[in-house]
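Worksheet for the structure shown next.
Naming convention: chains lettered A, B, ... in sequence-line order (proteins, then strands); numbering from 1 in each chain. Note that this is a predicted model, so its numbers are computed, not measured.
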Amino acid sequence: MLQVPFIRENKAEVIERLSKRNIDAVKMIDAVIVLDEKRRSIQAQLDTVLAESNTISKQIGGLYKSGKVEEANVLKAKTGELKEKSKTLAETLTTVEGELKDLLYQIPNVPHDSVPVGNSEADNEELLRAGDVPKLHEGALPHWELAKKYDIIDFELGNKIAGAGFPVYKGKGARLQRALIAYFLDTNTAAGYTEYQLPHLVNEASGLGTGQLPDKEGQMYHVTEDNLYLIPTAEVPGTNIFRDVIVNESELPISITGYTPCFRREAGSYGAHVRGLNRLHQFDKVEIIRVEHPSKSYKALDGMVNHVKSILEALKLPYRILRLCSGDTSFTAALTYDFEIFSTAQDRWLEVSSVSNFETFQANRLKLRLKNNDGKKELAHTLNGSALALPRILAGILENYQKEDGIHIPEVLQPYTGFAKID
RNA sequence: GGAGAAAUGGCAGAGUGGUCGAAUGCGGCAGUCUUGAAAACUGUUGAGGGUCACACCUCCGGGGGUUCGAAUCCCUCUUUCUCCGCCA
């Protein structure tokens with residue numbers, strides 16, 4: 001959520017920057033300013049009425065004490081009118097505040113200056129391509145075939161138990177999943193992130209805090225009985241640790257990591273591109289989250305990018321880094337870098353991480369503030385990224401590391417898997 | 001799930017209808033003292049709205065009500081604790 005004072009003071013700039021997202025924000029921004037003025041004017045009127053009413057109440061108290069009941073009753077009669085007035089004003093205020101909030105919920109974050117203009121993923125800017133694409137033997141298979149051949153992932157079984165998009169990992173497949181989670185967590189904690197285990201269901205306030213609600217309501221599984229949502233990413237419970245929190249500047253940066261399963265309804269996805277592990281309703285992910293001082297958040301973002309890079313390099317997977325274009329950058333993010341690994345067997349790039357700076361967009365909804373060293377309060381910046389999402393990493397390992405005699409496990413993972421080959 | 005108790009500032013904890021945004025202690029911050037530190041002492045220290053700045057308004061778990069006036073009374077929801085039941 002953008003900050004109203006920022007919108008008010010930088011109206012033209014906000015509209016200009018939002019236009020990068022192909023949004024004509026003129027009407028919305030004007031409406032925000034009008035509603036905010038209305039809000040403040042009504043607030044002021046209400047305050048005046050309440051002030052008068054408070055004064056009279058105090059006088060009545062004094063009169064009663066000195067036994068002047070008659071005079072007190074005269075004043076009492078006066079308060080009825082004030083009460084009516086304040087009630088009406090308070091109702092109007094609630095309405096206007098609601099309208100303003102609804103409107104603000106509809107306005108996405110303003111993209112960072114470096115974000116290239118574009119409509120789709122085709123316009124994303126490739127910044128780096130690294131790692132060797134292996135030459136596979138004749139008859140190399142895509143991961144869903146490999147999964148069947150070595151009996152490590154059973155998609156049909158998952159289908160039976162839950163439905164499409166809920167794979168069952170077994171044997172060395174299950175162990176490899178566990179190894180990846182442990183390896184990622186160890187790597188992240190070694191880099192200074194504190195490990196958390198977080199709830200997998202969250203309440204409505206948390207969904208609003210990080211921006212999944214109301215914008216992406218249909219993408220989350222909703223447990224209506226208890227009004228809870230299954231998390232689509234650890235970003236939601238992880239970032240909401242800091243909802244309604246004021247941190248001291250000296251406590252920054254805050255760096256946390258956590259493994260969670262992620263649940264996504266993926267309404268509207270279909271076809272060959274969602275085959276196998278490419279798109280799932282339930283998958284595992286290790287997330288990194290940071291809370292930063294605004295002056296340091298972009299440096300932190302670079303640090304996170306380098307961290308993810310180092311993991312992919314350790315796994316020896318061919319990858320590239322993209323700077324997402326305005327059309328592909330999510331609603332809440334100001335700047336996002338995507339990591340993709342190249343799957344030789346599928347001959348396509350697979351997204352494995354998305355690292356974003358949300359600046360104050362989430363913090364404003366979360367009311368996550370920092371008290372700087374001068375004692376002044378301002379909104380903090382939040383960031384997060386995957387380090388990493390499992391399914392496509394697994395797909396990449398299976399496909400890129402396949403040899404005729406089986407799938408060779410990347411060296412760094414072997415201490416975690418306890419085996420060097422799946423055959 | 002049943003019975004009872006409770007929810008107040010960073011923490012602990014007073015406050016049961018008016019002068020309470022709220023005693024006191026701890027913690028935090030600043031200062032005095034000290035070569036420095038500790039101790040001791042002094043001062044200061046919640047959040048939001050509003051204003052150029054004040055004034056002023058709101059907030060004592062959430063929501064609603066009674067009253068001229070609510071942290072205080074009533075209703076309701078949530079959460080926590082104790083006991084019982086069930087249970088990985």
- Message: Taking the nucleotide of RNA chain B with the nearest heavy atom to each, does A/K76 or A/T55 sit closer to the 5' end?
- Response: A/T55

- What is the pairing partner of B/G21, taking Watson-Crick or G-U wobble pairs with both distances under 3.5 Å in any strand? none

- Message: If you take the centroid of each ring, where Trp contributes its six-membered ring, are A/Y401 and A/H408 closer together than 6.0 Å?
- Response: no

- What distance, rounded to whole Å, do you find between the two P atoms, one in B/U67 and one in B/G13? 35 Å

- Task: Counting Watson-Crick and G-U wobble pairs only, both distances under 3.5 Å, name the nucleotide matched with B/A37, or none.
- Result: none

- Query: Where each residue is assigned the nucleotide of RNA chain B containing its nearest heavy atom, which of A/L75 and A/A51 is assigned the position nearer the 5′ end?
  - Reply: A/A51

- Query: Which nucleotide, in any strand shown, forms a Watson-Crick or G-U wobble pair with B/U44, with both distances under 3.5 Å?
  - Reply: B/G28

- Message: Can you tell me if A/K83 touches the phosphate of B/C68, counting only side-chain N or O atoms and a distance under 4.0 Å to OP1 or OP2?
- Response: no

- Item | Geometric cation-pi criterion, A/K172 with A/F419: 6.0 Å, 45° | yes

- Item | Straight-line distance of A/Q362 CD to A/T332 OG1, nearest 0.5 Å | 5.5 Å

- Query: With rounding to whole Å, what would you report as the distance between B/C59 and B/C20 at their C1' atoms?
  - Reply: 13 Å

- Which value, in whole Å, describes the distance between the C1' atoms of nucleotides B/C87 and B/G17? 47 Å

- Message: Expressed as a whole number of angstroms, how long is the span from A/L46:CG to B/G48:P?
- Response: 20 Å

- Task: Sticking with atom P, work out how far B/A88 lies from B/U79, rounded to a whole angstrom.
- Result: 24 Å

- Task: Determine the contact category for A/K78: base if any of its heavy atoms lies under 4.0 Å from a base atom, sugar-phosphate if only primed atoms, P, OP1 or OP2 are that close, otherwise nothing.
- Result: nothing

- Task: Can you tell me the distance, in whole Å, between the CG atom of A/L89 and the C1' atom of B/C57?
- Result: 13 Å

- Spacing of A/E251 atom CD relative to B/G10 atom C1', expressed in whole Å: 10 Å

- Note on the structure: Any strand, both distances under 3.5 Å, Watson-Crick or G-U wobble: B/U82 pairs with B/A3

- Note on the structure: Closest to the side chain of A/R39, out of B/G18, B/G50, B/G48, is B/G50

- Any-strand Watson-Crick or G-U partner of B/A70, both distances under 3.5 Å: none

- In terms of side-chain heavy atoms of A/K377, which of B/C68, B/G49, B/G48 is nearest? B/G48

- Excluding sequence neighbours, so at least two apart, what forms salt bridge (Lys or Arg N to Asp or Glu O under 4.0 Å) with A/E13? A/R17

- Query: Is there a Watson-Crick or G-U wobble partner for B/C87 with both distances under 3.5 Å, and which nucleotide is it?
  - Reply: none

- Whole-Å distance between B/A47 P and A/D244 CG? 14 Å

- Item | Passing candidate, ring-ring contact (aromatic ring centres under 6.0 Å, His included) with A/H112, options A/F358, A/Y298, A/Y337, A/F361 | A/Y298

- Query: In whole angstrom, what separates A/Q45's CD from B/A55's P?
  - Reply: 22 Å

- Query: Counting only Watson-Crick or G-U wobble pairs whose two distances fall under 3.5 Å, which nucleotide matches B/G61?
  - Reply: B/C77

- Closest heavy-atom contact between A/L390 and A/L388? CD2-O, 3.5 Å

- Query: With rounding to whole Å, what would you report as the distance between B/C60 and B/A14 at their C1' atoms?
  - Reply: 13 Å

- A/R369 vs B/A47: side-chain N/O to OP1/OP2 distance below 4.0 Å: no

- Atom P, compared across B/G2 and B/G10: separation rounded to whole Å: 35 Å

- Item | Distance between P atoms of B/A3 and B/U76 (Å, rounded) | 14 Å

- Message: A/E399 vs A/H143, test: side chain to side chain donor-acceptor pair (under 3.5 Å). Steps then yes/no.
- Response: CA-CA 6 Å; A/E399 289 169 354; A/H143 70 266; 2.8 Å; yes

- Which value, in whole Å, describes the distance between the C1' atoms of nucleotides B/A55 and B/U8? 28 Å

- Query: Taking only side-chain nitrogens and oxygens of A/N54, does any of them come within less than 4.0 Å of OP1 or OP2 of B/C56?
  - Reply: no

- Looking at every strand, decide which applies to A/S57 at a 4.0 Å heavy-atom threshold: base, sugar-phosphate, or nothing. base

- Task: Provide, to the nearest angstrom, the distance between the CG atom belonging to A/L50 and the P atom belonging to B/G69.
- Result: 11 Å

- Task: Measure the distance from NZ on A/K371 to P on B/G10 and round it to the nearest whole Å.
- Result: 9 Å

- Between B/C54 (P) and A/D47 (CG): distance, integer Å: 16 Å

